Amino acid sequence: MNVSALNNLVTWNIPYILGIAMQLCCTAFYLVRIEPRLGLLAILGYASVKLLLLRPLEKRGLENDKVVKKLDIMIGQLFDDTINMMTSVKLFSKEEFHRKDYDMSQRRKLDNLNQEVVLRCAQEFISHVTTVGIFSGILFLAFWFLQTADIEQGDLVAFFLLLPSFQRNV
């Protein structure tokens with residue numbers, strides 16, 4: 001067992017996760033309490049974007065990271081084996097074989113890094129576009145409720161002061 005990792009888990013990670021969870025629950029509770037329709041729209045909107053759109057992209061990115069790390073190890077081993085066995089490589093005239101193997105590994109790594117960049121760009125684009133869309137919908141409904149006198153101005157200000165905290169923690 002790694003005592004340092006266990007210590008970090010108990011003293012830092014668990015309190016951090018519990019604090020974020022409590023803050024998320026309290027913020028969601030007050031958003032719904034201030035204005036139930038807008039609060040539910042915010043909660044459902046941001047949670048569905050996170051779970052349905054962003055989470056699969058994050059999983060794919062993690063898988064891609066694992067492949068890149070394995071390719072790094074393989075490339076390092078190929079390089080080390082070739083350098084350490086230089087006399088054997090020259091003796092059996094396998095320079096071209098090792099060069100092709102190394103080039104193929106580098107190409108695979110570059111392809112995975114390109115996929116990683118595309119995934120991150122897609123995540124950022126989806127995250128920002130959906131955040132703006134949800135916020136715009138909430139703002140439109142809030143002004144509509146304000147005109148029909150379904151909500152008071154102070155409640156609207158409180159709602160929009162709590163909304164960024166909820167967005168950060170989702």
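Bear in mind the structure is a predicted one, so any value in this text is a computation, not a measurement.
- Side-chain atoms of T131 and Q167, non-hydrogen and from C-beta on, do get closer than 4.5 Å to each other.
- F159 places none of its side-chain heavy atoms less than 4.5 Å from the side chain of I151.
- Here N64 contributes atom CG and L119 contributes atom CG; the two are 6.0 Å apart, rounded to the nearest 0.5 Å.
- When every heavy atom of L163 is checked against every heavy atom of A42, the shortest pair comes out as CD1-CB, 3.8 Å.
- Within the 4.5 Å cutoff, no side-chain heavy atoms of F145 are placed close to those of L156.
- L51 and V49 are members of different hydrophobic clusters when ILVMFWY side chains are connected at heavy-atom separations under 4.5 Å.
- A salt bridge is defined here as a Lys NZ or Arg NE, NH1 or NH2 lying under 4.0 Å from an Asp or Glu carboxylate O, and K109 with E116 fails to meet this definition.
- Note on L141 and V157: separate hydrophobic clusters, where clusters join Ile, Leu, Val, Met, Phe, Trp and Tyr whose side-chain heavy atoms are under 4.5 Å apart, directly or indirectly.
- A 4.5 Å side-chain heavy-atom check between F135 and I138 finds every atom pair outside the cut-off.
- In the hydrophobic cluster analysis, where Ile, Leu, Val, Met, Phe, Trp and Tyr join through side-chain heavy atoms closer than 4.5 angstrom, L44 is grouped apart from I126.
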Under the side-chain contact (heavy atoms from CB on, under 4.5 Å) rule, what do Y16 and N13 come out as? Steps first, then yes or no, please. CA-CA 5 Å; Y16 176 76; N13 295 347; 5.7 Å; no
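- In this structure, the side chains of K59 and R55 come closer than 4.5 Å at one or more pairs of heavy atoms.
- The CE atom of M22 sits 8.0 Å away from atom CG of L18, with the distance rounded to the nearest 0.5 Å.
- Applying the ring-ring contact (aromatic ring centres under 6.0 Å, His included) test to F166 and every residue at least two apart in sequence or in another chain returns nothing.
- A donor-acceptor pair is defined here as one N or O able to donate and one able to accept, closer than 3.5 Å; no such pair exists between the side chain of N169 and the backbone of I20.
- Here the closest heavy-atom approach between residue T130 and residue S127 is recorded as OG1-O, 3.2 Å.
- By the criterion of side-chain heavy atoms lying less than 4.5 angstrom apart, applied directly or through intervening Ile, Leu, Val, Met, Phe, Trp or Tyr residues, L139 is grouped together with L31 in one hydrophobic cluster.
- One finds the NZ atom of K70 at 11.5 Å from the CG atom of N112 (value rounded to the nearest 0.5 Å).
- Side-chain contact check for L62 versus E58: every heavy-atom pair is 4.5 Å or farther apart.
- Across L78 and S105, no two heavy atoms sit closer than the pair CD1-OG, 3.5 Å.
- Looking at heavy atoms from C-beta onward, L113 lies in side-chain contact with V68 at the 4.5 angstrom threshold.
- Interatomic distance, L38 CG to I43 CD1, rounded to the nearest 0.5 Å: 11.0 Å.
- Between A158 and I34, the closest heavy-atom pair is CB-CD1, 3.8 Å.
- Remark: I75 CD1 to D80 CG distance equals 12.0 Å, nearest 0.5 Å.
- No continuous path of ILVMFWY side-chain contacts below 4.5 Å connects Y102 to L110, so the two sit in separate hydrophobic clusters.
- Remark: M104 CE is packed, more than 12 non-hydrogen atoms of other residues, nucleotides or ligands lying under 6.0 Å away.
- One finds the CZ atom of F29 at 14.0 Å from the CG atom of L24 (value rounded to the nearest 0.5 Å).
- At most 12 non-hydrogen atoms from other residues, nucleotides or ligands lie less than 6.0 angstrom from CZ of R33.
- Nearest heavy atom pair, residue Q123 against residue L54, reads O-CD2, 3.7 Å.
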